[in-house]
S.K.: 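Just dropping this structure here.
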Amino acid sequence: QVTLVESGGGFVQPGESLRLSCVATGFSHTLDYYAVAWFRQAPGKEREAVSCISSGEHSTLYTESVKGRFTISRDNAKNTVYLQMDSLKPEDTAVYYCATDDRGYCRASFYHRIEQYDFWGQGTQVTVSA
């Protein structure tokens, strides 16, 4: 059974940090084979792409609102993709999801499209509030 499991969410104050993890099990390839994206969905809003990391060369993309604050990375030994979130703001509050794309690469022209992704995790809640 293919699963993606996110963890690491929580309740923090503005300016604090969280690190989200996305662990893959049951895939026919290791997670490094896939492009992996993080999306988020706030109440009443559409799901939006936050970041993407390609396989191989590990090139990365970020949505403008998180550039300089969030960092996506991989640990191949743990079959895990991380999203380090620093300097969190109340507007970062959302459920965060990871998703895989077996094309293996992220492109600015399409990494934000939900239909690009084959598997999704169940999400982890991030709440940023004073």
Side-chain angles (χ1 to χ4, degrees):
Q1 182 179 359
V2 172
T3 62
L4 289 172
V5 178
E6 304 95 337
S7 62
F11 186 103
V12 296
Q13 295 187 338
E16 294 186 338
S17 299
L18 284 173
R19 188 178 76 161
L20 306 184
S21 299
C22 172
V23 179
T25 59
F27 283 75
S28 56
H29 302 281
T30 61
L31 194 56
D32 191 47
Y33 176 87
Y34 303 91
V36 178
W38 284 95
F39 281 73
R40 65 186 179 186
Q41 188 166 20
K45 295 188 177 181
E46 294 186 351
R47 192 170 297 190
E48 65 167 348
V50 174
S51 183
C52 187
I53 185 166
S54 297
S55 65
E57 76 276 17
H58 293 184
S59 61
T60 59
L61 291 170
Y62 298 92
T63 193
E64 193 64 35
S65 63
V66 308
K67 284 182 180 177
R69 300 189 298 121
F70 289 13
T71 305
I72 192 170
S73 63
R74 296 181 181 267
D75 184 335
N76 294 333
K78 295 182 178 180
N79 220 32
T80 300
V81 169
Y82 300 102
L83 185 68
Q84 177 67 40
M85 307 188 296
D86 299 320
S87 302
L88 282 161
K89 303 176 181 180
E91 51 263 43
D92 295 318
T93 295
V95 178
Y96 283 70
Y97 302 88
C98 63
T100 59
D101 180 355
D102 63 6
R103 295 165 187 80
Y105 52 88
C106 307
R107 293 291 183 268
S109 59
F110 61 72
Y111 88 101
H112 59 283
R113 297 177 186 169
I114 291 174
E115 62 269 24
Q116 292 291 129
Y117 299 91
D118 309 299
F119 294 102
W120 293 79
Q122 83 292 343
T124 185
Q125 175 71 46
V126 172
T127 303
V128 185
S129 176

S.K.: Return each pair, listed once, that meets salt bridge (charged side-chain N to carboxylate O under 4.0 Å, His left out) where at least one residue sits in residues 23-43; pairs must be two or more places apart or across chains.
M.R.: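 Passing the test, one end in residues 23-43: Asp32-Arg74, Arg40-Glu48, Arg40-Asp92.
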S.K.: Quick check on the hydrophobic clustering: are Val66 and Val128 connected, directly or via other members, by side-chain heavy-atom contacts under 4.5 Å?
M.R.: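 In one cluster: yes.
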S.K.: Hey, any chance Leu20 and Trp120 share a hydrophobic cluster, counting ILVMFWY side chains that come within less than 4.5 Å of each other, even indirectly?
M.R.: no
S.K.: Checking Trp38 against Phe70 for the ring-ring contact (aromatic ring centres under 6.0 Å, His included) test, could you report, in this order, the C-alpha distance in whole Å, the side-chain angles of both residues, the deciding distance, and whether it holds?
M.R.: CA-CA 11 Å; Trp38 284 95; Phe70 289 13; 9.9 Å; no
S.K.: Report the C-alpha separation of Glu6 and Tyr97 in whole Å, then their side-chain angles, then the decisive distance to 0.1 Å, and conclude whether the side-chain contact (heavy atoms from CB on, under 4.5 Å) test is met.
M.R.: CA-CA 7 Å; Glu6 304 95 337; Tyr97 302 88; 3.8 Å; yes
S.K.: If every non-hydrogen atom of Thr124 is compared with every non-hydrogen atom of Gly8, which pair is closest and at what distance?
M.R.: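 Minimum heavy-atom contact is OG1-N, 4.1 Å.
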S.K.: Under 4.5 Å between side-chain heavy atoms, counting indirect links through other Ile/Leu/Val/Met/Phe/Trp/Tyr residues: same cluster for Tyr62 and Val126 or not?
M.R.: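 As far as the 4.5 Å side-chain criterion goes, Val126 and Tyr62 are connected within one cluster.
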S.K.: About how many Å separate CD of Glu91 and NZ of Lys45, when rounded to the nearest 0.5 Å?
M.R.: 8.5 Å
S.K.: Is it true that atom CD of Gln1 has more than 12 heavy atoms of other residues, nucleotides or ligands lying nearer than 6.0 Å?
M.R.: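 Atom CD in Gln1 is not crowded, with 12 or fewer foreign heavy atoms closer than 6.0 Å.
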S.K.: For a side-chain contact (heavy atoms from CB on, under 4.5 Å) check, start with the C-alpha distance between Ser51 and Leu83, then their side-chain angles and the critical distance, and finish with the verdict.
M.R.: CA-CA 8 Å; Ser51 183; Leu83 185 68; 4.2 Å; yes
S.K.: Take Thr25 and Thr3 through the test side-chain hydrogen bond (donor to acceptor under 3.5 Å, both in side chains) and record every step on the way to the result.
M.R.: CA-CA 5 Å; Thr25 59; Thr3 62; 2.3 Å; yes
S.K.: Excluding sequence neighbours, so at least two apart, what forms ring-ring contact (aromatic ring centres under 6.0 Å, His included) with Phe11?
M.R.: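 By the ring-ring contact (aromatic ring centres under 6.0 Å, His included) rule, Phe11 matches no residue at all.
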S.K.: Determine whether the aromatic ring centres of Tyr33 and Phe27 lie less than 6.0 Å apart.
M.R.: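 Judged by ring-centre distance (under 6.0 Å), Tyr33 and Phe27 do not meet the cut-off.
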S.K.: Mind listing the closest non-hydrogen atom pair of Val95 and Gln125 along with its distance?
M.R.: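 Residues Val95 and Gln125, closest heavy atoms: CG2-OE1, 3.2 Å.
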S.K.: With hydrophobic residues grouped by side-chain heavy-atom distances under 4.5 Å, do Ile53 and Val23 end up in a single group?
M.R.: no
S.K.: For Thr80 and Ser21, does a side-chain donor sit closer than 3.5 Å to a side-chain acceptor?
M.R.: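 No, no side-chain donor-acceptor contact under 3.5 Å.
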S.K.: Would you kindly check if the NZ (Lys) or CZ (Arg) of Arg47 is within the cone defined by 45 degrees around the ring axis of Phe39 and under 6.0 Å from the six-membered ring centre?
M.R.: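 No cation-pi geometry.
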S.K.: Calculate, to the nearest 0.5 Å, the distance between atoms SG and NE2 belonging to Cys52 and His112 respectively.
M.R.: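 Cys52 SG to His112 NE2: 11.5 Å, rounded to 0.5 Å.
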S.K.: Under 4.5 Å between side-chain heavy atoms, hopping through other hydrophobics if needed: is there a path connecting Leu31 to Tyr117?
M.R.: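 No.
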